[in-house]
Amino acid sequence: MLWPLIKSAAALALAIALISIVLVALGVSPVAVFAALAEGAFGSWYAFTDTVVKATPLVFTGLAIAVAFSAALWNIGADGQLLVGAILSGAIGPFLGGWPRPIAITIVLVAGALGGAIWGGLAGWLRARRDVNEVISTIMLNFVAVQTLSWCVHGPLMEATRAYPASTPIAESAHLGFYFPPSRLNLGIAIGIILAIGCHLLLFRTSFGFELRAMGRNRRAAAFFGLPIASLTVRVMALSGALAGLAGSVQVASITHRLYEKLSPGWGYEAIAVALVARLNPIGIVAAAFLFGALDNGSQAMQRAVGVSPVLVQVIEGMVILILLAFDTPIWSRLGGRLGGAKGPAHAPALSPDA
Amino acid sequence: MLEAFLTSTMTMATPILLAALGELMVEESGLINIGIEGAMLSGAFFALAAAYFGGSTVLGLAAGIGSGIAINAIFALMVVNLAVNQVVAGTALDILALGLTGVFYRKFFGVTGSSFMVKSMARLPLGPLANIPLLGRAFFDHNALVYFSFALVPVVAYMLRRTRYGLRLRAAGERPDAADALGLDVYRLRWQALIVSGALTGLAGAFLTLAYANTFVENISAGRGFVALSVVILGRWSSWGLAAASILFGAAMALQFAMQALGTAIPYQLFLALPYALTVIVLATVGGQVAAPSALGEPYSRS
């Protein structure tokens, strides 16, 4: 439990050290940059609550990645699944006026999960039945989702005045309201935390979770031992897609209340960093999402304060992923074996969740 | 109208073809490089920066090539030497390149980007060929990179299918363990493929800033690296197929501009989504792994 935490912390520290070198080379004080980041993320009650709001979609997409990666299914399509989920939520939302709040909200969320599940499940089906690499299919489906959303907000779902490329707002009965306005805190993060606990139980306490992880460790061996690999693949990808779809759904229901083209700033890709820092552990994902939500939230203030582009956050993400991969390489354990230490398994999985 | 469409098709196809030919070599050696998008974006940025501050297109092209190689060298170190997961490492490099180019761009050029223009690469009309009605302007009146990318198609085809080196490269992609047993250096072959691919992908990025947009905007590659990945699949891992698929994608992009200009009822998003949907459909109908190298994407380490 402690060792993976140390590894993630070390990777973050190393990434920050490397970025500090880059910043110094650019003539910017790293201290000023990180102070402005922290100020923007935690400097006030409002800043703190918006960090939570920014972390919310990352909790859902992070869980989506964790579930898929634990099964060694490389779902790069969380962003597309998120968008398809948002589209279905945004499409059905305007028709729920006058419905009781709990029912309207449930319908919107279920629509989002369903949209994501279809998009993810499609990639799963292609892998299971047509032998199509899910990496390629999910990337391609991301682009199809982006164009579908663009078409929707310019075409069939466009708002009534047809002045802006945005959809008709969803009914107020389907809003996830703000608890402490002006802060935008809403039910979304609570749903995310409950789902994280649910995913943890699912992965580590159910036979489905066991089969999923067994497939992730060694697909061929899992098939040899009679696990239904094809059906597992479809179900895992659908579940992963549903979680990503919920990210879009919650965002529409709580923050934007409508669809527009740049709905996701890349939460589906950022989620890969979130999931790896959390070592694919669902509970850890809540913490990692909070961390990256803070970076996202602080980055705007940092830009205003020191004039560094907010995409600095992506430099941190990219570096953290690469460093964690390097920490985890099977080469080290093999070297350890040669040097007389404990020998790692011959084919250690590149990534596997820590309970 | 048709002439403009054909010209635009060739322009749009060029960076895709350059990157796809590089990716083809990488995939024949048994690796899949999702980081190609990041290498292209880096190439685009550093080519513009060098051309703008150095005042020379040649310098810009060299910087584009160099930065593409640099990104792919990181990838090679990670996936060849450290045998980490190729998909995750590639995605990390995409994210990293998006961040780094964004930070550098804002630092070097400030927030108002559009005024930082460079001179577009010179067109080289191919003598009398350029005077053929309709086709002349469309196919024989481009800059050197357009000709270079298409001239590379038979070269790569010959190299991969007819030379000893191509055979070795493909052996590394089909059966790395067997190749190793026969004394081939799989690590070195994969490194070489990645370096050549980095140069071509960086050049593709340079094309975007030096010949197409003549400036840089954040995320200017806009998924073209991923398009190159799908071109390799649609082209069934054959150089000639890649050229055809690149032209198809280029035409879809060019058609989108034409449709918007004409103001037709067909939503332009359909043309933008079509190539990606087509890739998925082709994979689903023909089957994913038929023509792909057997060991594609599987980490290999000598033990």
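Numbers restart at 1 for each chain; the letters A, B, ... are given by sequence-line order, proteins then strands.
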Please classify the contact between [X] and chain B as side chain, backbone, both or neither, with a heavy-atom cut-off of under 4.5 Å.
X: A/Leu26; result: both
X: A/Val313; result: neither
X: A/Leu126; result: side chain
X: A/Val146; result: neither

query = Which residues satisfy the ring pair (Phe, Tyr, Trp, His ring centres under 6.0 Å) test with B/Tyr276, sequence neighbours excluded?
reply =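 Testing B/Tyr276 for ring pair (Phe, Tyr, Trp, His ring centres under 6.0 Å), a comparison that skips the adjacent residues, returns A/Phe143.
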
Contact leader toward chain B among A/Val28, A/Ile316, A/Ile136, A/Asn142, where contacts are heavy-atom pairs under 4.5 Å =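 It is A/Ile136.
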
key: Pairs of heavy atoms under 4.5 Å with chain B: top-ranked of A/Gly318, A/Gly27, A/Gly266   =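 Result: the option with the highest number of such pairs is A/Gly318.
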
query = Under 4.5 Å between any side-chain heavy atoms of B/Phe75 and B/Val80, yes or no?
reply =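 SC-SC contact between B/Phe75 and B/Val80 ruled out.
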
Taking only distance into account, with no hydrogens and no angle test, what donor-acceptor pairs under 3.5 Å do side-chain atoms of residues 21-34 of chain B form with protein atoms, sequence neighbours excluded?
residue, atom, partner, partner atom, Å
B/Glu23, OE2, B/Asn33, N, 3.2
B/Glu27, OE1, B/Trp237, NE1, 2.8
B/Glu28, OE2, B/Arg161, NH2, 2.8
B/Ser29, OG, B/Val26, O, 2.8
B/Asn33, OD1, B/Gly35, N, 2.8

note = Checking A/Leu322, A/Leu325, A/Asp328 against B/Val84 for side-chain contact (heavy atoms from CB on, under 4.5 Å), the one that qualifies is A/Leu325

task = Drop me the distance from A/Arg130's CZ to B/Ile281's CD1, to the nearest 0.5 angstrom.
result = 12.5 Å

ask   = Going from OG1 on A/Thr233 to CZ on A/Arg219, what distance comes out if it is rounded to the nearest 0.5 angstrom?
value = 3.5 Å

query = Side chain, backbone, both or neither: which part of B/Ser230 has a heavy atom under 4.5 Å from chain A?
reply =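 For B/Ser230, heavy atoms of backbone and side chain both lie under 4.5 Å from chain A.
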
